[in-house]
Amino acid sequence: MDNINKTYFIQTFGCQMNEHDSEKIAGMLEEQGFVAAEEREGAGIIIMNTCSVRENANNHFFGQLGVVKNIKEKHPGTLVAVCGCMMQQKEIVETLKAKYGWVDIAFGTMNIPEFPQLLAERLEEQKRVISIKESQDTVDDGIGALRKFRHKSFVNIMNGCNNFCTYCIVPYTRGREMSRTPEDIVNEVRWLAEDGVKEVTLLGQNVNSYGNGCDFDCDFASLIYRVAEVEGIERIRFMTSHPKDLSDRLIEAFTKCDKLCHHIHLPVQCGSSRILEKMNRHYTKESYINLVDRLRAAVPDIVITTDIIVGFPGETEEDFQETLDLVNRVEYDSAFTFLYSIRTGTPAATMPDQIPEDVKHDRFDRLVDAINSITARKNALYVGRTEKVLIDGKSQRGGSGMCTGRTDGFKLVNFPCPAERIGNIAEVRITGANTFSLTGELI
Ligand code: SAH
Ligand code: SF4
Ligand code: F3S
């Protein structure tokens, strides 16, 4: 392996879990003496970590794969590896085998620790290597992952999903839900803290069901308290939280655990109870609003963000109005909005009354307008306040001398700041606000 071009370029297409998987792959490559390439073209190995959540993510991947083919034609020594959620879809792997024979390595979401062996195999035998597990009985750790930030890290607390929301492909690509033991998680967090990490984001498709059906006795709230005991950790965040399983103990943890940040991403998906039922979400508009009220009563400054899908099959204008009404009542700090995308193999894909694209787009635009005006209004309330900001790095905006960071509530702030302070928490007075970020000055 010593006489090959030991540079790598990883392209990440998906969510935080996908991103964290890329960090693990990068960590393994660096362990073997590889270094990150500045550009994709010219890298010794190009890795594409795919996402299947929406059809355009699929299309985007195949588009990119075409470009990578040209790169490989120009630089024949380049190795190409593909991994991530799309590899768990049989028809995709069949397509790769049939039409993309030049791809060197393909591996699944549960095969990441095998990557070094797969690479060695490919180099020794000079033939394509494919390894895809359908299920798993352990959850990999993230020790050795190459973090994007020195001072903060993702920590996987569980894999998979058992919820089978009718639109969603994730339960098919990530397998059944499985929690790591609290001891394993705390060990990893300790290791991270010793390595300079101050903020951890606990990751799971639904962290609220952490520990369900496990031999150990530790629910998500207890896990937070245990992680909070680790010296050196100053902030704890988590993603994502399904409204149906959010416990009173978690609400209480926001008030009792100083390290737990006052932000919750609480995907609602839709404001119509009728559609929520068809989505298999197990809550109603009313119960969701009640949950938000209880969170706000306990934690008045909590920042609430969400995901919303428009154009689920059968969604009428009245259903959509319910979503607008919910958005106006909850007043989200921000929201990710998605056009419903048919995922073959999911129950919603074959439901009647699929919504025409123009109707979806029209609703999407109206929803985004409503959300952006709420976001701008809510952000403006921060002007004049002092916020604790974890300084993440130099800002791309506002010229040199500007840094960027996140408030406890996860709001993005840009402010003038010396680079030596990156990685620390500072008090910042908020002086300005717009829809997507705040501006401020160090105190
Ligand atoms: N486990 C997380 C979400 C994972 S997917 C949760 O349940 O909150 C991230 C988001 O993608 C979802 O919240 C949903 O809003 C969106 N999404 C998932 N499947 C989709 C589809 N078929 N079409 C459009 N958006 C989708
Ligand atoms: Fe998908 Fe629902 Fe699981 Fe989230 S909870 S990953 S939306 S099936
Ligand atoms: Fe994430 Fe996309 Fe897979 S959202 S879990 S990378 S399908």
Side-chain angles (χ1 to χ4, degrees), residues 1-14 16-51 61 64-65 68-69 71-72 74-88 93 96 100 102-133 136 138-156 159 180 184 187-188 190-192 194-197 203:
M1 212 196 266
D2 291 332
N3 52 1
I4 60 163
N5 170 355
K6 282 192 144 183
T7 59
Y8 69 92
F9 190 91
I10 305 183
Q11 223 178 335
T12 305
F13 292 81
Q16 286 90 348
M17 293 209 170
N18 195 246
E19 214 177 296
H20 192 38
D21 288 343
S22 291
E23 295 179 339
K24 293 180 194 172
I25 296 166
M28 291 181 223
L29 284 166
E30 302 241 339
E31 177 83 0
Q32 301 202 12
F34 280 78
V35 290
E38 296 272 321
E39 284 180 16
R40 189 166 62 174
E41 182 157 358
I45 178 160
I46 298 174
I47 295 161
M48 302 170 86
N49 191 4
T50 61
C51 169
F61 166 66
Q64 287 291 308
L65 207 51
V68 168
K69 184 176 185 209
I71 294 179
K72 200 167 155 113
K74 257 170 76 188
H75 308 265
T78 309
L79 290 176
V80 177
V82 293
C83 59
C85 286
M86 281 174 71
M87 301 306 122
Q88 302 298 135
V93 179
L96 280 176
Y100 299 82
W102 52 271
V103 169
D104 299 281
I105 304 173
F107 58 105
T109 55
M110 293 167 247
N111 301 75
I112 290 169
E114 280 172 38
F115 176 60
Q117 286 96 284
L118 302 177
L119 180 58
E121 222 174 284
R122 167 65 188 80
L123 291 170
E124 274 157 30
E125 298 186 20
Q126 297 292 322
K127 69 173 176 45
R128 184 177 61 191
V129 179
I130 299 180
S131 183
I132 293 155
K133 271 194 210 166
Q136 182 177 35
T138 53
V139 185
D140 317 325
D141 67 36
I143 291 180
L146 187 81
R147 298 190 298 276
K148 189 164 158 202
F149 298 97
R150 208 183 130 59
H151 56 276
K152 60 182 193 180
S153 180
F154 294 127
V155 177
N156 242 356
N159 271 355
R180 282 174 80 189
D184 257 17
N187 277 342
E188 180 168 337
R190 258 194 222 117
W191 183 88
L192 288 167
E194 278 164 22
D195 200 42
V197 166
L203 288 184

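We're numbering straight along the sequence, starting at 1. Being a predicted model, the structure only gives us computed values, none of them experimental.
- The shortest distance between side-chain heavy atoms of Phe9 and Val68 does not fall below 4.5 Å.
- Once rounded to the nearest 0.5 Å, the distance linking CG of Leu65 with NZ of Lys72 reads 11.0 Å.
- The salt bridge (charged side-chain N to carboxylate O under 4.0 Å, His left out) contacts involving residues 145-154 comprise Arg147-Asp195, Lys152-Asp392, where partners must be two or more places apart or lie in separate chains.
- Contact of the Tyr8 side chain with the Glu30 side chain is registered, since non-hydrogen atoms from C-beta on lie closer than 4.5 Å.
- The backbone N or O of Thr12 sits nowhere less than 3.5 Å from a side-chain atom of Glu19 that would complete a donor-acceptor pair.
- A 4.5 Å side-chain heavy-atom check between Val82 and Phe61 finds at least one atom pair inside the cut-off.
- Residues Asn156 and Lys24 are in side-chain contact: their nearest non-hydrogen atoms beyond the backbone lie under 4.5 Å apart.
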Show which side-chain atoms of residues 37-48 pair as donor or acceptor with protein atoms under 3.5 Å away, not counting sequence neighbours.
{"residue": "Arg40", "atom": "NH1", "partner": "Gln11", "partner atom": "OE1", "Å": "2.9"}
{"residue": "Arg40", "atom": "NH1", "partner": "Gln64", "partner atom": "OE1", "Å": "2.6"}
{"residue": "Arg40", "atom": "NH2", "partner": "Gln64", "partner atom": "OE1", "Å": "3.4"}
{"residue": "Glu41", "atom": "OE2", "partner": "Lys74", "partner atom": "NZ", "Å": "2.8"}
{"residue": "Glu41", "atom": "OE2", "partner": "His75", "partner atom": "NE2", "Å": "2.9"}

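- Here CG of Leu119 is found 9.5 Å from CZ of Phe107. Values are rounded to the nearest 0.5 Å.
- Counting all heavy atoms, side chain and backbone alike, Ser131 lies closest to Leu118 at CB-CD2, 3.7 Å.
- Note that CG of Asn111 is 11.0 Å distant from CG of Asp21, once rounded to the nearest 0.5 Å.
- Distance check: Thr109 OG1 to Asn18 CG gives 9.5 Å after rounding to the nearest 0.5 Å.
- For the pair Gly144 and Trp191, the tightest heavy-atom approach, listed with the atom from each and the gap, is N-CH2, 3.4 Å.
- Taken from CE in Met87 to CG in Asn49, the straight-line distance is 9.0 Å, to the nearest 0.5 Å.
- Screening residues 105-122 for salt bridge (charged side-chain N to carboxylate O under 4.0 Å, His left out) gives Asp104-Arg122 as the qualifying pairs, with residues at least two apart or on separate chains.
- No side-chain heavy atom of Phe154 sits under 4.5 Å from any side-chain heavy atom of Leu192.
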inquiry  = Could you go through Thr78 and Trp102, starting from their C-alpha distance and side-chain angles, then the distance that decides it, and tell me whether this counts as side-chain contact (heavy atoms from CB on, under 4.5 Å)?
reply    = CA-CA 10 Å; Thr78 309; Trp102 52 271; over 6 Å; no
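- Within 6.0 Å of atom NZ in Lys133, more than 12 heavy atoms from other residues, nucleotides or ligands are found, so the atom counts as buried in its surroundings.
- In this structure, Gln117 places its CD atom where more than 12 heavy-atom neighbours from other residues, nucleotides or ligands lie under 6.0 Å away.
- When all heavy atoms of Pro116 and Gln32 are compared, the closest pair comes out as CB-NE2, 3.0 Å.
- Taking NZ of Lys127 as the start and CD of Glu124 as the end, the distance is 11.0 Å to the nearest 0.5 Å.
- Of all heavy-atom pairs between His20 and Ala145, the closest is CE1-CB, 4.3 Å.
- The side-chain heavy atoms of Asn187 and Ile143, taken from C-beta on, include no pair separated by under 4.5 Å.
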